[in-house]
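Notes follow the structure.
Sequence positions, counted from 1, serve as the residue numbers for this chain. Scope of the values below: all heavy atoms of this structure, side chains included, with no hydrogens, waters or symmetry mates.
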Amino acid sequence: MERSYEEAIRCLNSRKASPKTNLDDMRGSDDMVEWLELLGHSAEDLNGLNAIHVAGTNGKGSTCAFAASFLKAHGDNTGYPRKIGLYTSPHINNIRERIRINGEPISKEHFAMRFFEVWDKLPGQATPTLDIPRYLQLLALLSFHVFIEETVDVAIYETHLGGEFDATNIIRTPLATAITPITMDHVSLLGPTIQRIAWNKAGIFKSGILAFSTLQEPEVVTVLEQRAAEKGAMLEFVDVDTTLPTNAAALKPKVQRMNCSLALAVVRAWLSIMAPEGQSTMEDTITRGIEQFSCPGRYQQINEGNCQWFLDGAHNESSLRYAVEWFAQTATENQRNTVTSTRILIFSQFSTRDGTRLLRSIAESLRDKNIQMQYVIFTTYDERRDGHTRIDRNLKKRFSPEVQEHYAETWGNLDPAATVLCERTIEGALERAREIGDQNTGIQALVTGSLHLVSGALYLLESDYLA
């Protein structure tokens with residue numbers, strides 16, 4: 001077998017199964033310890049990663065990225081930690097973004113080498129006693145292998161889904177755990193109630209280990225406190241840190257101040273345990289950590305001629321409200337002249353989520369902020385008109401013309417004043433928006449509804465393909 005990066009991606013993609021309808025079929029933690037041992041690693045090796053483990057509904061990726069950025073800044077300033085591992089999902093541009101060391105995705109060569117070290121030692125066919133790892137399980141195993149072999153000083157892990165049965169939840173002794181805001185999402189797998197979702201997320205709590213959470217709804221607080229007591233975790237709720245800089249661009253979205261505050265609390269706790277004596281203070285590195293923060297596809301703005309693109313991968317009701325709030329504030333501040341730019345919503349969502357409810361959430365939030373979208377473009381997850389697909393973008397055919405038409409009809413009822421359009425590809429949606437901008441005084445376009453949509457839009461906007 002060829003040992004190239006492309007072949008590694010093909011092997012990985014071969015393990016991507018169809019979405020399951022219940023958690024029993026999606027238990028990612030099953031067999032993980034046995035597979036890890038086949039790789040020559042033990043649970044004690046995972047303890048040596050000095051991990052920070054993060055679960056929640058919204059803001060997990062941003063919280064992990066803030067934590068990694070703070071630790072990198074502290075390491076640059078003091079010499080420790082030297083190597084920071086970061087595991088997040090999903091990826092925006094390429095699969096290697098999910099496994100980072102010191103903020104950089106591992107190289108294609110490194111990915112391929114470590115992947116085949118894992119692939120060759122794991123079963124290729126299921127037996128009555130041992131299954132074969134699926135896509136996300138394989139990625140988690142690969143990340144464990146990479147971070148152990150590269151002897152990172154700390155590994156920051158974002159859960160895939162839930163917490164209790166997540167593939168990442170075989171780390172028995174992390175140094176700290178964190179819970180971001182919990183809302184109704186993945187209800188068919190983790191619900192049906194917010195309490196049950198919270199129960200699953202709190203599955204990452206460990207006995208004797210510090211646990212942090214953002215402020216939560218009362219019913220979520222009750223569950224988290226119960227789970228912490230059951231597991232013997234020391235739980236602390238974190239409010240927005242009032243010492244954070246007020247003018248930092250990364251903290252302009254209100255929700256990012258919350259994510260940053262949680263990350264800061266976790267990192268301070270981690271340093272109090274691990275940093276050499278006298279080197280645990282962070283006051284000199286907080287500003288630099290915020291300045292170096294990067295989380296593509298979340299509250300990201302790209303200016304291109306007369307087009308202002310506002311991209312956020314929000315895909316549930318609460319996160320979409322935050323995205324609209326950010327768009328309303330930033331678009332108004334960025335208005336170039338007294339003539340209002342034409343405003344456009346570009347939306348796509350093809351999953352088990354209730355897309356109609358998501359659209360209602362957007363429409364209500366726009367009305368609350370007194371923002372009128374003159375055009376709404378519904379598109380898909382398919383990037384290009386010529387059908388070319390990047391090897392890192394393994395999306396099964398999810399497009400449904402019936403769903404797209406239903407979205408168009410729904411928005412027509414929600415806002416009859418808007419012009420509603422449908423485009424078969426993300427390329428087509430972006431080009432249509434550009435055409436509208438050329439015919440008017442420019443555009444301000446909010447691209448949201450799915451990380452798959454935002455991923456494709458970013459790829460096209462940041463490459464020369466549409467230039």
Side-chain angles (χ1 to χ4, degrees), residues 1-15 28-29 31-54 64-65 67-69 71-72 74-76 79-91 94-124 130 132-160 166-176 270 273-274 392:
M1 179 191 295
E2 183 186 1
R3 296 306 208 211
S4 67
Y5 173 71
E6 290 73 19
E7 184 59 29
I9 298 300
R10 279 190 283 271
C11 291
L12 176 63
N13 286 347
S14 72
R15 295 296 177 84
S29 55
D31 295 331
M32 282 293 291
V33 172
E34 288 85 349
W35 291 325
L36 190 70
E37 290 173 348
L38 289 176
L39 301 181
H41 304 308
S42 65
E44 288 68 32
D45 292 329
L46 295 187
N47 295 341
L49 294 176
N50 304 316
I52 293 170
H53 202 187
V54 181
C64 288
S69 190
L71 287 168
K72 177 68 165 57
H74 190 82
D76 290 343
Y80 185 84
R82 297 168 297 103
K83 278 189 180 182
I84 299 101
L86 175 62
Y87 178 76
T88 58
S89 60
H91 59 275
N94 64 73
I95 193 75
R96 296 174 290 111
E97 294 170 354
R98 299 187 185 219
I99 304 174
R100 295 174 178 260
I101 295 177
N102 290 343
E104 296 298 323
I106 60 175
S107 68
K108 289 184 177 181
E109 295 75 19
H110 192 180
F111 185 98
M113 177 183 73
R114 295 301 187 195
F115 177 85
F116 285 112
E117 289 173 356
V118 170
W119 183 263
D120 291 344
K121 292 178 181 177
L122 295 177
L130 187 64
I132 59 172
R134 299 186 299 269
Y135 183 86
L136 288 175
Q137 293 167 321
L138 196 50
L139 278 170
L141 289 164
L142 175 60
S143 72
F144 291 141
H145 181 59
V146 168
F147 294 154
I148 291 170
E149 292 298 322
E150 296 301 315
T151 60
V152 299
D153 296 308
V154 55
I156 302 165
Y157 270 86
E158 175 188 358
T159 57
H160 302 141
D166 193 77
T168 63
N169 200 30
I170 60 169
I171 305 172
R172 295 174 182 169
T173 313
L175 260 64
W270 190 94
I273 299 169
M274 293 300 300
D392 292 282

Please check: side-chain N/O of [X] versus main-chain N/O of [Y], any donor-acceptor pairing under 3.5 Å?
X: Asn47; Y: Thr173; answer: yes
X: Gln137; Y: Arg134; answer: yes
X: Asn13; Y: Arg10; answer: no
X: Asp153; Y: Arg82; answer: yes
X: Arg100; Y: Glu97; answer: yes
X: Lys72; Y: Gly103; answer: no

Shortest non-hydrogen separation from [X] to [Y] and the atoms involved:
X: Ala67; Y: Ile156; answer: C-CD1, 3.9 Å
X: Leu86; Y: Ala68; answer: CD2-CB, 4.0 Å
X: Ala140; Y: Ala167; answer: CB-CB, 4.3 Å
X: Trp270; Y: Asn50; answer: NE1-O, 2.9 Å

Rounded distance [0.5 Å steps], [atom1] in [X] versus [atom2] in [Y]:
X: Phe116; Y: Glu7; atom1: CZ; atom2: CD; result: 5.5 Å
X: Arg96; Y: Asp392; atom1: CZ; atom2: CG; result: 7.0 Å
X: His145; Y: Ile99; atom1: NE2; atom2: CD1; result: 10.5 Å
X: His110; Y: Glu104; atom1: NE2; atom2: CD; result: 14.0 Å
X: Thr168; Y: Leu136; atom1: OG1; atom2: CG; result: 10.0 Å
X: Leu38; Y: Leu130; atom1: CG; atom2: CG; result: 6.5 Å

Side-chain heavy atoms of [X] within contact of [Y], under 4.5 Å:
X: Ile148; Y: Leu46; answer: yes
X: Val152; Y: Val146; answer: no
X: Glu109; Y: Met113; answer: no
X: Ile132; Y: Asp31; answer: no
X: Pro133; Y: Leu141; answer: yes
X: Phe147; Y: Lys83; answer: no
X: Phe144; Y: Asp45; answer: no
X: Ile9; Y: Ile95; answer: yes

Arg98 to Phe111 six-membered ring, cation-pi geometry met (6.0 Å, 45°) = no
Could you check Leu139 against Arg15 for side chain to side chain contact (heavy atoms under 4.5 Å, CB included), going step by step and ending with a plain yes or no?
-> CA-CA 10 Å; Leu139 278 170; Arg15 295 296 177 84; over 6 Å; no
Start with the C-alpha gap between Leu142 and Glu117, add the side-chain angles, then the distance that decides, and say whether side chain to side chain contact (heavy atoms under 4.5 Å, CB included) holds.
-> CA-CA 9 Å; Leu142 175 60; Glu117 289 173 356; over 6 Å; no
Run the ring pair (Phe, Tyr, Trp, His ring centres under 6.0 Å) check on His160 and Tyr87 step by step: do they pass?
-> CA-CA 10 Å; His160 302 141; Tyr87 178 76; 5.6 Å; yes
For Glu37 and Met32, run side chain to side chain contact (heavy atoms under 4.5 Å, CB included): C-alpha distance rounded to whole Å, both residues' side-chain angles, the deciding distance at 0.1 Å, then the answer.
-> CA-CA 9 Å; Glu37 290 173 348; Met32 282 293 291; over 6 Å; no
Establish, from distance only, whether the side-chain atoms of Tyr157 and Ser143 form a donor-acceptor pair under 3.5 Å.
-> yes
Determine, step by step, whether Thr159 and Asn169 satisfy the side chain to side chain contact (heavy atoms under 4.5 Å, CB included) criterion, reporting the C-alpha distance in whole Å, the side-chain angles of both residues, the deciding distance to 0.1 Å, and the verdict.
-> CA-CA 8 Å; Thr159 57; Asn169 200 30; over 6 Å; no
